[in-house]
Amino acid sequence: MTTPAAAQPLGEPVSESLSEAAQAAAMSVRLILTIADAVRRASQKHHQGKEQELPESDARRAEDGWAADELGNHLPTALLTHLTASPDWPVMARQLLSLSHAGVDLPAFLPHLGQMASGVERAVARNTARTKAEGTDRWADLLRATMPQGLVRDAILSSPAWPDIAAAMGRLHDQGLDVARILTDAHTVGLGVDQAVAAATARATQPRASAAAPAPAPATAGQPTPRPAPTTTASPAPSPAPTPAPAPAPAPAGQPTSAPAPGSAPHRPVSADAKRV
């Protein structure tokens, strides 16, 4: 049994294009199988008098892997994935095995079916890609005509989300809205965002202010340096005048007094006993 490859994730523009193309090709395969089964039933009724139904065991075998194996040799992987994952896959599997039991040459029928489905898938993918490109170019021209050149406009056009932005602009236009006015408002918003980011970046890169007081700025030439104000100190109060010492008592008359010579010992009076010796 051929295991179908997993479907590519949606979201990317290319993936969306392939998915849409695979769905269109799957619709064409359903259409061909439904028409072929209708012709088989009519032919059996005409030639055999009644339609031939599949036994339940054969129907389960077709659903469980036989039909996927047969189609997998002729259909693209993405298309087979869409078919086997769809709710009506059991019906298509039974239709294919019924054609085989009715005598249809599957080795001749299936290559033709595969070529038709592949052609549909390629055509839808090319058309979808062209439509998206044309739509994107249209809205890019309007963006350039509405917004002045600068960071905001360049950011929009270079963004990975630009295809989604252009698609949203197309839907707004289809709803009758003035896309140019919306772009003008968007430019104003974008400028505000840019200014806010610039201010936050500047604040983050500035060095922190020192805790110490800043040094005085040097005086410029021709500008006098201010002198510090003179400090006044309180003069001490005048001390009281010294009291004059009392004058020495006058010596008795007839006894001259002589001042001792400097550096000599003071004169002591001689006693009467000392004189007799």
Side-chain angles (χ1 to χ4, degrees), residues 1-135 163 167 170-171 174:
M1 174 180 176
T2 302
T3 303
Q8 296 188 6
L10 301 180
E12 298 291 336
V14 175
S15 298
E16 291 179 357
S17 175
L18 289 176
S19 176
E20 184 178 357
Q23 290 175 6
M27 290 176 60
S28 68
V29 171
R30 291 187 185 96
L31 177 63
I32 295 299
L33 288 177
T34 301
I35 292 175
D37 187 66
V39 173
R40 174 193 65 82
R41 292 176 181 273
S43 180
Q44 287 177 338
K45 185 181 294 186
H46 176 73
H47 294 286
Q48 302 174 11
K50 63 176 182 180
E51 302 173 7
Q52 300 294 327
E53 298 293 341
L54 278 179
E56 190 60 28
S57 59
D58 289 347
R60 285 196 300 268
R61 180 169 64 91
E63 298 172 18
D64 290 342
W66 178 87
D69 289 340
E70 293 293 328
L71 289 174
N73 296 325
H74 306 282
L75 298 182
T77 302
L79 174 55
L80 183 61
T81 300
H82 278 284
L83 291 174
T84 56
S86 63
D88 57 352
W89 168 246
V91 176
M92 288 186 287
R94 295 184 183 206
Q95 289 172 342
L96 188 60
L97 187 53
S98 296
L99 290 174
S100 177
H101 285 185
V104 175
D105 186 7
L106 293 185
F109 172 76
L110 290 179
H112 178 70
L113 178 67
Q115 292 174 1
M116 181 272 304
S118 297
V120 170
E121 184 177 14
R122 289 192 299 269
V124 173
R126 287 194 300 266
N127 183 63
T128 302
R130 186 184 73 252
T131 302
K132 284 183 180 253
E134 291 174 354
R171 290 191 295 270
D174 294 340

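Positions are given from 1 along the sequence.
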Suppose we screen for side-chain contact (heavy atoms from CB on, under 4.5 Å). Which residues come up paired with Arg41, at least two apart in sequence or across chains?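 Per chain and number, Arg41 pairs via side-chain contact (heavy atoms from CB on, under 4.5 Å) with Asp37, Glu51, Glu53.
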Distance in Å, [X] [atom1] paired with [Y] [atom2], rounded so as to fall on 0.5 Å steps:
X      : Y      : atom1 : atom2 : result
Ile32  : Met92  : CD1   : CE    : 13.0 Å
Lys50  : Lys45  : NZ    : NZ    : 12.5 Å
Leu79  : Glu121 : CG    : CD    : 6.0 Å
Phe109 : Glu70  : CZ    : CD    : 12.0 Å
Gln95  : Leu54  : CD    : CG    : 10.5 Å
His82  : Leu75  : NE2   : CG    : 12.5 Å

Take atom NE2 of His101 as the centre, draw a 6.0 Å sphere, and report whether it contains more than 12 heavy atoms from other residues, nucleotides or ligands.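 For His101, atom NE2 is crowded (more than 12 foreign heavy atoms under 6.0 Å).
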[X] (side chain) donor-acceptor with [Y] (main chain) under 3.5 angstrom:
X     : Y     : result
Ser86 : Leu83 : yes
Thr34 : Arg30 : yes
Arg40 : Gln52 : yes

Minimum heavy-atom separation for Ala68 and Trp89, please, with both atom names.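 Looking at all heavy atoms of both residues, the shortest contact is N-CZ2, 3.7 Å.
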Shortest non-hydrogen contact from Ser28 to Ala117?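 Closest approach of Ser28 to Ala117, heavy atoms only: OG-CA, 4.1 Å.
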Quickly, which of Leu97, Leu96, Leu71 forms a side chain to side chain contact (heavy atoms under 4.5 Å, CB included) with Leu106? Name it, please.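 Considering Leu97, Leu96, Leu71, a side chain to side chain contact (heavy atoms under 4.5 Å, CB included) with Leu106 is found only for Leu96.
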